[in-house]
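As structure tokens, the structure follows; a few thoughts come after it.
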Amino acid sequence: MNVFDRYAPFIQNYIYHSGWQALRGVQNAAGEAIFGTEDNVLLTASTASGKTEAAFFPILTLLDEDPPNSVGVLYIAPLKALINDQFGRLTELCEEADITVTRWHGDAPQSQKRKLLRKPRGILQITPESLEALLITKHMEIPSLFGDLRFIVIDELHSLLRGDRGLQTFCLIERLCKTAGCHPRRVGLSATIGDPEAAGRFLATGSGRRTIIPRFDGGREVWHLSMEHFYNTAPQADEDQSTLLEVSVLEPPTDMAPKAADPGYGYIFEHTRGKKCLIFTNSREECETVCQCLRQYCEVNHEPDRFLIHHGNLSASYRESAEEEMKDDNSLMSVCATATLELGIDIGRLERAFQIDAPFTVSGFLQRMGRTGRRGNPSEMWFVMREDHPLPRTMLPEMIPWYLIQGIALVQLYIEERFVEPPRTGRLPYSLLYHQTMSTLASCGEMTPGELASRVLKLSCFEPVKQDDYRMLLRHLLELDHISRTENGGLILGLTGERLVNDFKFYAVFQENVEYAVRSGAEELGTIVKPPPVGDKIAIAGRVWAVDEVDHKKRVVYCTLVKGRVPAYFGDVAGEIHTRILERMYGVLQDQKDYPYLMRHAVCRLADARDTFRKSGMGERPLVHLGGNMWALFPWLGSYAFLALERFLKIRCGQRLGLKGLNSSRPYYLQFTMNATEEGFYRITAEEAAKDFEPLELLNPKEVPVFEKYDEYVPPELVRKGFACGVLDIEGMKRRVLGWTKSSNPAYHADIP
């Protein structure tokens, strides 16, 4: 098939006017799949490879040839900023064919929404949360809006593969299709899919169609990558080295920042000068700290401020200002950012990205790396790993530079194996079950228990949920007044449930903190959690502010700009780390391989860490004696298997081992005292792991581990069951523990690939 000839004339004109010489591989492959089949399609290609056009060129051609009688394409994206960015591109593309593009999210104009309701047509762009709100508040309009829906395009699919938000999205798609009586094809887009077949199955959930994954030559990936390590104070790792190290670097390292300042931040300050860069952090707190520090460097060096900030707690005006600055190819400003700029917003020609410490996932690393290297240039990322000098009495586990080792492991896993985190399966999503039950009742009104169960339990993600569990949930919700029985025996929302559903925060299934708006005069700065007393200082928008007034009733903090530097707090929590990353970290420490992207300090710090690893015996066994009756355990397990191990040791083995004072730095190591010998530890843990115990036995008798947003409204028995059977990776933990005793000498390397 000649895909270009198959395109509608207005698409061909667009390509001519854009100056394209030829279609890319992904565009040819996508055209053949969309034109030539009736299947779902998963497009996986690098950032800026043209995936959006690859999907929409054939989709819009089909819509132009046979115009639908309703919205023809539903485009779902995880961020409003991504929708806003794609809105302009799609509007330009559709203008000649008179296909309308409508945004539907909290910041979109109401006039556009009213116009679409009057005359449903074209493309509707929406977030999962706004789609939830649409199904609840416009339930009667769904058939007219989507009755002839042809395609659902899901952008950044990888961001929906491992949590409740992804499951919610596919519940909403199934509910919408059933209500509207439509049977659209699904097209998933992502630059970071590690297991395309698994992602394809996830994309197809409940659709009744198979998924095609087009294969094509995506070209050779070229990276410019460096990784440097800094102690937060002198001396640096190589300053006592007598041997000269030859390390290839992208630029000679210099530090023009104040000598007393943080050398890692100073390094970033110097190497962003005269360039447009992104500086990624793993938390909003760190983002604020970095921006404050870099702006102070500008003051000290008598330079104009050249740093902006972008994260989820900032007001829309601050975020949009940073986005617009990034799109200006002539700009030399740099933006400190979190994952909010990780996804596919077009930020123009970006020269390099910095990453402070290691991200939690290979997917996150690839997404952040992919923000650079557009328009034919190689992707470029500079890792900056930071740590404090160990104190004289620092114990072994803290002698390992965990972020440095994790960063190397992330890079090597992708280079060597093309590993990216797969979809997370096998969960019991009771929190989401509550949410979709309440949402369905809010949408449809009174229903019998049987009707409600048939609508909710038939959603694909609830297939593992038993009917008895659902009856227990409904009885519990009746007791809480979240639902009520009518005289006819039907179910409706109760008064308490109505108040909860009518709050706009109900639409999201991810955890949210109680936030206070922060204002300075008429300027909206953003939001914080746990505001300090009047007179204290807060950090937001990359600056420091004195708190003038706190209105707890309205949840508003009024403040004034001041000078200084204070830490920020937004309630951030650590992310999930996959077991394969921990296993590769073990490999990094065990072997003597050189990594060409490591710079001078990092080379020396890695050599020092490997020496510590070897001398301590960490490479030969997971349990290391720290002196007296104190031990450290290095299990090399991901977050959920590590969590299961913690509980296994405390609850199943604690008494037999004489275990006390168990503390963890999750998921790197556990530290504790015990009365057992090393041999006794391996024997006892293996005996307990070999037993066929129930997952619920890893919870204390009255423990109710609230893990997801709506767990507090779920019966305690189901919360316990969902956590034990759907969160804890007990099988992964058991395999590791039993692997310690595969030989008479419990050498750990026998179990590590």
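Only this structure's heavy atoms are used, side chains among them; waters, hydrogens and symmetry mates stay out. What you see is a predicted model; the values in this text were computed from it and never measured.
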Next on the checklist: Applying side-chain contact (heavy atoms from CB on, under 4.5 Å) to Ile405 and Ile400, what does each step give before you reach the verdict?
Outcome noted: CA-CA 8 Å; Ile405 307 305; Ile400 302 295; 4.3 Å; yes
Checklist entry - Where does the angle between the aromatic ring planes of Tyr267 and Phe230 fall among parallel (under 30°), tilted (30 to 60°) and perpendicular (over 60°)? => result tilted
Next on the checklist: With a 4.0 Å cut-off on N to O distance, would you call Lys51 and Glu156 a salt bridge?
Outcome noted: no
Checklist entry - Is a donor on one side and an acceptor on the other found under 3.5 Å between the side chain of Trp402 and the backbone of Pro397? => result yes
Next on the checklist: Measuring only between side-chain heavy atoms, which start at C-beta, is Leu42 closer than 4.5 Å to Leu157?
Outcome noted: yes
Next on the checklist: Please determine whether a side-chain nitrogen of the Lys or Arg among Lys276 and Glu351 lies less than 4.0 Å from a carboxylate oxygen of the Asp or Glu.
Outcome noted: no
Item to check | Pairwise side-chain contact, Phe648 with Leu698, heavy-atom cut-off 4.5 Å (strictly under) | outcome: yes
Checklist entry - Side chains of Leu308 and Val335: closer than 4.5 Å at any heavy-atom pair? => result yes
Checklist entry - Got a second to check how far Ile651's CD1 is from Leu659's CG, nearest 0.5 Å? => result 11.5 Å
Checklist entry - Checking side chain to side chain donor-acceptor pair (under 3.5 Å) for the pair Gln355/Arg368: CA distance, chi angles, key distance, verdict? => result CA-CA 8 Å; Gln355 169 65 48; Arg368 295 175 182 198; 2.9 Å; yes
Checklist outcome for this item: OG1 of Thr361 to CG of Leu366, rounded to nearest 0.5 Å, is 8.5 Å
Checklist entry - How are the rings of Tyr586 and Phe613 set relative to one another: parallel (under 30°), tilted (30 to 60°) or perpendicular (over 60°)? => result perpendicular
Checklist entry - Are Arg162 and Glu576 close enough for a salt bridge, meaning some N to O gap below 4.0 Å? => result yes
Checklist entry - Taking the inter-plane angle between the rings of Tyr297 and Phe269 on a 0 to 90° scale, is it parallel (under 30°), tilted (30 to 60°) or perpendicular (over 60°)? => result perpendicular
Next on the checklist: So, applying side-chain contact (heavy atoms from CB on, under 4.5 Å) with Asn232, which one of Arg386, His389, Glu387 is it?
Outcome noted: Arg386
Item to check | Close side-chain approach of Phe642 and Ile577, heavy atoms under 4.5 Å | outcome: no
Checklist entry - Rounded to the nearest 0.5 Å, how far apart are CD of Gln406 and CZ of Phe365? => result 12.5 Å
Checklist entry - Hey, mind stepping through Glu688 and Lys734 against salt bridge (Lys or Arg N to Asp or Glu O under 4.0 Å) and telling me if it holds? => result CA-CA 9 Å; Glu688 292 295 331; Lys734 280 188 170 187; over 6 Å; no
Checklist entry - Is Glu421 reaching over with its side chain to a backbone N or O of Val362, donor-acceptor style, under 3.5 angstrom? => result yes
Checklist entry - Are side-chain heavy atoms of Leu699 and Pro705 found at a separation under 4.5 Å? => result yes
Item to check | Flag, side chain of Arg352 to backbone of His271, donor-acceptor distance under 3.5 Å | outcome: yes
Item to check | Check: Arg600 side chain, Ala237 main-chain N or O, donor-acceptor pair, under 3.5 Å | outcome: no
Next on the checklist: Parallel, tilted or perpendicular: which one describes the rings of Tyr640 and Phe707, with boundaries at 30° and 60°?
Outcome noted: perpendicular
Checklist entry - Could Arg580 and Glu417 be called an ion pair, given the rule that one side-chain N must be under 4.0 Å from one carboxylate O? => result yes
Next on the checklist: Does any part of the side chain of Leu643, heavy atoms only, come nearer than 4.5 Å to the side chain of Arg666, both counted from C-beta?
Outcome noted: yes
Next on the checklist: Using side-chain heavy atoms (C-beta onward) and a distance below 4.5 Å, is Thr338 in contact with His310?
Outcome noted: no
Checklist entry - Going through the checks in order, is the side-chain contact (heavy atoms from CB on, under 4.5 Å) test met by Ile279 and Leu294? => result CA-CA 11 Å; Ile279 303 156; Leu294 294 175; 3.7 Å; yes
Item to check | Leu633 and Phe681: CA distance, side-chain angles, deciding distance, side-chain contact (heavy atoms from CB on, under 4.5 Å) verdict | outcome: CA-CA 11 Å; Leu633 180 66; Phe681 174 86; 4.0 Å; yes
Item to check | Close side-chain approach of His578 and Pro422, heavy atoms under 4.5 Å | outcome: yes
Next on the checklist: Just by distance, no angles: are the side chains of Ser334 and Thr272 close enough, under 3.5 Å, to form a donor-acceptor pair?
Outcome noted: no
Item to check | Evaluation steps, side-chain contact (heavy atoms from CB on, under 4.5 Å), between Met385 and His601 | outcome: CA-CA 10 Å; Met385 308 299 188; His601 300 337; over 6 Å; no
Next on the checklist: Check Arg371 with Glu380, please: is the shortest side-chain N to carboxylate O separation under 4.0 Å?
Outcome noted: no
Checklist entry - Sub-3.5 Å donor-acceptor pair from the side chain of Arg418 to the main-chain atoms of Tyr414, do we have one? => result yes
Checklist entry - More than 12 heavy atoms of other residues, nucleotides or ligands under 6.0 Å from CZ of Phe672: is that the case? => result yes
Next on the checklist: Could you check whether any side-chain N or O of Glu288 sits under 3.5 Å from a backbone N or O of Ala541, counting only pairs where one atom can act as donor and the other as acceptor?
Outcome noted: yes
Item to check | Tyr231 and Arg605 side chains, donor-acceptor separation under 3.5 Å | outcome: yes
